[in-house]
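Working notes, structure below.
First the proteins, then the strands, lettered A, B, ... as listed; each starts at 1. Keep in mind it's a predicted model, so treat the numbers as computed, not measured.
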Number of protein chains: 2
Amino acid sequence: MPTPRDHTAQSATSTPSADEEKNERQLRQERILDAATTLLIRWGYRKTTIDDVAREAGVGKGTIYLHWKDKTELFQAAIWRASAQVTEEAKASIAADPQGGLAHRFWTHGMMAILRNPLLAKIMQGNSDIFQGFIGTLPQSTVAEAKEIFTRHFSQLQQAGLIRNDISVAIAYHIFGVLKLGLIHMAEFSDQENTPSYEELTEAMSELIQRWLEPVHLPTDSTTGKAIINDWMDQVNSQIPYNP
Amino acid sequence: MPTPRDHTAQSATSTPSADEEKNERQLRQERILDAATTLLIRWGYRKTTIDDVAREAGVGKGTIYLHWKDKTELFQAAIWRASAQVTEEAKASIAADPQGGLAHRFWTHGMMAILRNPLLAKIMQGNSDIFQGFIGTLPQSTVAEAKEIFTRHFSQLQQAGLIRNDISVAIAYHIFGVLKLGLIHMAEFSDQENTPSYEELTEAMSELIQRWLEPVHLPTDSTTGKAIINDWMDQVNSQIPYNP
DNA sequence: CTTTGACCGGAATGATGAAATTGGTCATCT
DNA sequence: AGATGACCAATTTCATCATTCCGGTCAAAG
């Protein structure tokens with residue numbers, strides 16, 4: 001009972017309309033996700049308690065259970081929101097880039113969007129133990145589906161002449177995995193001072209992708225590539241159960 | 001006392017010459033290293049005891065201490081021997097390959113030599129927990145020195161026109177690290193059936209290196225490159241305290 | 001109705017100590 | 001002398017129990 005907290009919005013209208021209530025609820029949900037994200041970055045999954053999140057968000061513990069079934073769903077929601085934001089940002093960057101349809105530009109925009117997001121950046125920078133005890137919660141089907149989405153769009157990019165045809169999708173998928181995991185673990189492995197800056201690294205990786213995957217003669221039309229990649233991002237996003 | 005064992009060579013000459021004794025000792029040392037290697041692969045560092053090794057090698061436990069100071073030195077020796085063998089093999093493959101001086105050929109030979117070695121292959125295939133409780137025993141200076149060796153020879157290869165000049169050594173070092181760690185962790189991550197075969201993977205990686213690092217116009221003379229790489233391997237080997 | 005935090009029980013954590021294991025030594029045997 | 005394995009001390013492992021912690025519930029408050 002003796003828990004003074006700032007109820008800044010003291011119900012200006014005595015009877016809030018249904019819309020206003022909806023909005024209130026929405027805002028609170030975001031606030032809780034903000035709190036979860038902050039603490040996820042600061043303490044990791046295992047060491048962050050529901051109580052912590054509730055306190056950080058300024059709500060009661062029970063309230064959180066009005067929004068999510070359990071702890072994993074809450075943190076999944078936080079990660080999914082981050083992913084959705086990142087994909088959305090990447091989509092925008094790609095749309096704004098005249099050459100956004102090219103493989104290496106696409107990679108660059110994706111990587112930059114990730115690094116701009118505090119949560120995903122932290123993961124990328126090698127603090128993979130944020131997920132202590134959380135990995136394995138994700139359904140195996142999700143991983144398989146992600147691979148399917150990759151395969152489908154990679155093939156489309158090949159058919160559009162944006163990626164070399166003489167490379168197998170399975171190999172490409174595996175090596176993309178190698179690059180992603182390698183980036184994370186190498187960041188964890190090497191000490192700060194010897195690690196190149198992320199700008200340098202992004203640029204170098206972008207060039208690697210370009211030389212590795214792009215054919216010498218690229219199609220003059222960039223819209224097809226953009227469309228494919230846009231579609232890709234949308235499907236990745238639709239795989240993420242995050243309601244705006 | 002009741003420990004019957006096969007003393008096949010029952011000292012044909014009553015007084016073995018100094019040479020023969022030396023040889024005997026040498027052979028026994030190899031046998032112990034063989035045992036250590038086998039058990040390292042089967043059980044990992046932590047779960048392999050000195051007793052196990054002695055039994056597997058058919059010698060008394062005390063005998064092992066006539067050869068090495070302690071447990072870590074024994075297993076270091078086993079790993080170092082493996083590394084020396086691998087570098088030696090790689091050197092031979094490179095020497096036999098007319099194009100052995102090219103970056104992507106060099107990478108291929110190195111990777112194949114590693115995969116041919118049971119111990120290092122096991123590590124490469126993601127069973128990095130072979131080292132449970134062993135990592136950290138290696139002096140930090142070794143890592144730093146390895147980086148120096150890389151840097152020096154990479155620059156030499158650039159000067160020889162075998163590797164593009166417009167890429168920084170620091171970046172290249174980091175990305176090589178990404179590739180190595182990525183290969184290990186991706187192998188650990190993805191399940192058998194979805195993983196491409198090592199032949200496919202080696203070939204694909206070789207091509208990636210080629211496109212990423214090699215200039216369009218390569219020097220006609222291959223001997224310079226071979227010499228540099230030979231030198232590289234020798235220095236890596238000399239960093240390893242393994243006496244034939 | 002919505003929101004809350006006291007409360008509950010299962011699970012993680014830590015302290016304790018007995019028992020087993022194991023790296024390394026050394027008296028003994030060859 | 002060179003090789004060995006019984007032996008020792010130190011560490012690890014395991015079982016036990018007390019205590020704390022925390023995800024989730026729900027009766028009560030607003």
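- Computed from coordinates, the B/Lys47 NZ to C/dG23 C1' distance equals 16 Å when rounded to whole Å.
- With a 6.0 Å cutoff to the six-membered ring centre and a 45° limit on the axis angle, A/Lys71 counts as a cation-pi contact of A/Tyr45.
- Distances from the side chain of A/Thr49 to the nucleotides D/dG24, D/dC22, C/dT25 place D/dC22 closest.
- Summarising the geometry, the separation between NE2 on A/His67 and C1' on C/dT2 is reported as 11 Å, rounded to the nearest angstrom.
- Remark: B/Arg81 engages B/Asp34 in a salt bridge, criterion side-chain N to carboxylate O under 4.0 Å.
- What separates CZ of A/Phe75 from P of D/dG24 is a distance of 11 Å, to the nearest Å.
- One can place CG of A/Asp51 at 16 Å from C1' of C/dA12, the figure rounded to the nearest angstrom.
- Of the two residues contacting DNA chain D, namely A/Ile50 and B/Lys61, the nearest-nucleotide position lying further toward the 5' end is that of B/Lys61.
- Proximity note for B/Thr63 (side chain, C-beta onward) versus C/dT4, C/dG24, D/dA3: the nearest is D/dA3.
- Side chain of B/Thr87 to backbone of B/Ser83: a donor-acceptor contact under 3.5 angstrom is found.
- Listed nucleotides C/dT4, D/dG24, C/dG24 differ in distance to A/Leu66; the shortest reach to its side chain belongs to C/dT4.
- As a whole-Å value, the separation of B/Ile64 CD1 from C/dG23 P is 10 Å.
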A/Asp52 and A/Lys47: CA distance, side-chain angles, deciding distance, salt bridge (charged side-chain N to carboxylate O under 4.0 Å, His left out) verdict: CA-CA 10 Å; A/Asp52 291 337; A/Lys47 297 194 84 67; over 6 Å; no

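- Atom CG of A/Leu39 and atom C1' of D/dC22 are 15 Å apart (whole Å).
- For A/Phe189, the CZ atom is loosely surrounded, since the number of other residues' heavy atoms within 6.0 Å does not exceed 12.
- Nearest nucleotide to the B/Val59 side chain, out of D/dT4, C/dG23, D/dG23: D/dT4.
- For the pair B/Glu24 CD and D/dA1 P, the interatomic distance rounds to 19 Å; values are reported in whole Å.
- Using a 4.0 Å cut-off, no side-chain N or O of B/Arg46 falls inside it from OP1 or OP2 of D/dT12.
- Whole-Å rounding puts the A/Ile32 CD1 to C/dT4 P distance at 9 Å.
- Phosphate proximity of D/dA3 to B/Arg28: present, with a side-chain N or O under 4.0 Å from OP1 or OP2.
- Residue A/Lys71 places no side-chain atom within donor-acceptor reach of the base of D/dG24, judged by atom type and a 3.5 Å distance cut-off alone.
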